[in-house]
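First the structure, in the form of structure tokens, and then the observations on it.
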Protein chains: 2
Amino acid sequence: MSALYHRVREARRLLGLSQESLAAELGVSRSAVAQWEHAAGTSPSVDHLSALARRSGMCFEYLATGRGPRILGEPMVAEPAAEYDALTEQQKQLLERFRLLSPRQRRALLELIEPERSSLR
Amino acid sequence: MSALYHRVREARRLLGLSQESLAAELGVSRSAVAQWEHAAGTSPSVDHLSALARRSGMCFEYLATGRGPRILGEPMVAEPAAEYDALTEQQKQLLERFRLLSPRQRRALLELIEPERSSLR
DNA sequence: GACGAATTGTCAGTATAAGTAACATTATTC
DNA sequence: GAATAATGTTACTTATACTGACAATTCGTC
């Protein structure tokens, strides 16, 4: 599943517009659009995202979340249930980094965040 | 058509979660969720709204604008996905203790165990 | 290759939206 | 009535969406 900033650029390219042109149509500055298209940049507000979806003909759901058909009327691609992850992104990140620790470090960490402990609470 | 703050509460209730539980899953404080549910409160960012849509199975467009179908698919049960059962006891313990931390403490912890960091590696 | 135009990338600054923590209130359970 | 859980509210802090300006890259033309 692509990230939001990928989908924003995808929508703009679908329209064959430059950042400048799209910005003019949405009523924002060119650099706002530029920032929407970068991982480290800002995200568009809901209003701007909605306006972009309407303008590009892209499904709002797809644009915002990456789920569902790209274009209105496009055949639905079935998503595996696994896409609805129970773990948050932060929890996944936690488990990933924890996995890289040595057993001793893992025990130390668990001890550090034990409830009623003063270090981090 | 209901207001955003109504729909946010609708989504949370659909999941059968308290404000506290939902906040933990989305990685924000309980009072942020409380404010999302009030007319005079703040609105969730696009990232949080998207996360709530994913978690609740509700359409992002419905959540964001009140338009369109309510549900994308069956809402996920509050119980973790099968992958949780694949976790070790230590990993489960980690997630449980992590869940009890405040958002600021969680970020501090993740930073602490970031790869290439010296503190615990 | 040079050059100019078009396009995109990046950054510092700003206003305010969104978030936090702490305290207050209400609801629920026993 | 007490204890606990859940929610409401507020003052304050932090994050961020956006802007304008400057930098860098890409593209088209000669």
Side-chain angles (χ1 to χ4, degrees), chain A residues 3-53 55-56 60 63-64 88-90 93 115-116 118-121, chain B residues 2-53 55-56 60 63-65 78 96 98-111:
Chain A
L4 173 62
Y5 66 92
H6 277 141
R7 298 190 296 273
V8 169
R9 178 163 292 195
E10 187 184 346
R12 179 172 64 83
R13 290 210 167 130
L14 195 66
L15 292 167
L17 293 177
S18 65
Q19 292 178 346
E20 189 74 54
S21 302
L22 180 62
E25 295 198 20
L26 299 185
V28 294
S29 66
R30 201 268 318 163
S31 58
V33 174
Q35 286 176 77
W36 298 345
E37 296 185 3
H38 281 264
T42 61
S43 293
S45 67
V46 171
D47 288 344
H48 291 135
L49 208 50
S50 174
L52 178 55
R55 182 62 185 86
S56 63
F60 193 14
L63 194 53
T88 67
E89 285 306 313
Q90 216 179 25
Q93 202 170 46
E116 306 315 316
S118 59
S119 310
L120 215 62
R121 290 185 62 80
Chain B
S2 64
L4 173 61
Y5 64 94
H6 278 143
R7 298 189 296 273
V8 168
R9 177 161 294 193
E10 185 184 346
R12 178 174 65 83
R13 289 212 168 127
L14 189 68
L15 292 167
L17 295 177
S18 65
Q19 290 177 347
E20 189 76 53
S21 300
L22 180 62
E25 296 201 20
L26 299 184
V28 293
S29 66
R30 201 268 317 163
S31 57
V33 175
Q35 286 178 81
W36 296 346
E37 296 185 3
H38 280 263
T42 61
S43 294
S45 66
V46 168
D47 285 347
H48 290 136
L49 206 52
S50 176
L52 178 55
R55 182 63 186 83
S56 64
F60 179 92
L63 265 178
T65 66
E96 177 57 31
F98 188 76
R99 193 177 61 79
L100 297 174
L101 300 176
S102 75
R104 175 175 285 177
Q105 289 174 318
R106 292 178 193 151
R107 284 197 295 272
L109 185 68
L110 283 168
E111 204 172 304

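Chain letters run A, B, ... following the sequence lines, proteins first, then strands; residues in each count from 1.
- Between the side chain of B:Arg30 and the base of C:dG19, no donor-acceptor pair of N or O atoms lies under 3.5 Å.
- With hydrogens and angles left out, the side chain of B:Gln35 and the base of D:dT7 share no donor-acceptor pair within 3.5 Å.
- Atom OG1 of B:Thr65 and atom CG of B:Leu4 lie 9.5 Å apart (nearest 0.5 Å).
- In this structure, CG of B:Leu22 is placed 19 Å from P of D:dA5, rounded to the nearest angstrom.
- Residue contacts shown for A:Thr42 include a base, since a base heavy atom lies under 4.0 Å away.
- For A:Val28, counting side-chain heavy atoms from C-beta on, the closest listed nucleotide (C:dA18, D:dA17, D:dT19) is D:dT19.
- The side chain of A:Arg9 places an N or O atom within less than 4.0 Å of a non-bridging phosphate oxygen (OP1 or OP2) of C:dG9.
- To the nearest angstrom, P of D:dA17 lies 10 Å from CG of A:Leu4.
- As rounded to whole Å, 13 Å separates atom C1' of C:dA5 from atom CD of A:Glu20.
- Remark: A:Ser29 is in phosphate contact with D:dT19, judged by side-chain N or O atoms under 4.0 Å from OP1 or OP2.
- Both B:Ser45 and A:Ala34 sit near DNA chain C, but only A:Ala34 has its closest nucleotide nearer the 5' end.
- One interatomic measurement links the two molecules: CG of A:Leu17 to C1' of C:dT8, which rounds to 15 Å at whole-angstrom precision.
- Comparing D:dG8, D:dC18, C:dT7 against the side chain of A:Ala32 picks out D:dC18 as the nearest.
- The base of C:dA21 is paired with the side chain of B:Ser31 by a donor and an acceptor separated by under 3.5 Å.
- Note: B:His48 and B:Trp36 have tilted aromatic rings, judged against thresholds of 30 and 60 degrees for the angle between ring planes.
- At least one side-chain nitrogen or oxygen of A:His38 sits closer than 4.0 Å to the OP1 or OP2 atom of C:dT10.
- When the nucleotides C:dG19, D:dA17, D:dG8 are ranked by their closest atom to the side chain of B:Glu37, D:dG8 comes out on top.
- Between the CD atom of B:Gln19 and the C1' atom of C:dT20 there is a distance of 15 Å, rounded to whole Å.
- Atom NE2 of B:His48 is separated from atom C1' of C:dG19 by 9 Å (rounded to the nearest Å).
- Regarding A:Tyr5, its OH atom lies at a distance of 17 Å from the P atom of C:dT8, rounded to whole Å.
- Close to D:dT7, at under 4.0 Å from its OP1 or OP2, lies a side-chain N or O of B:Arg12.
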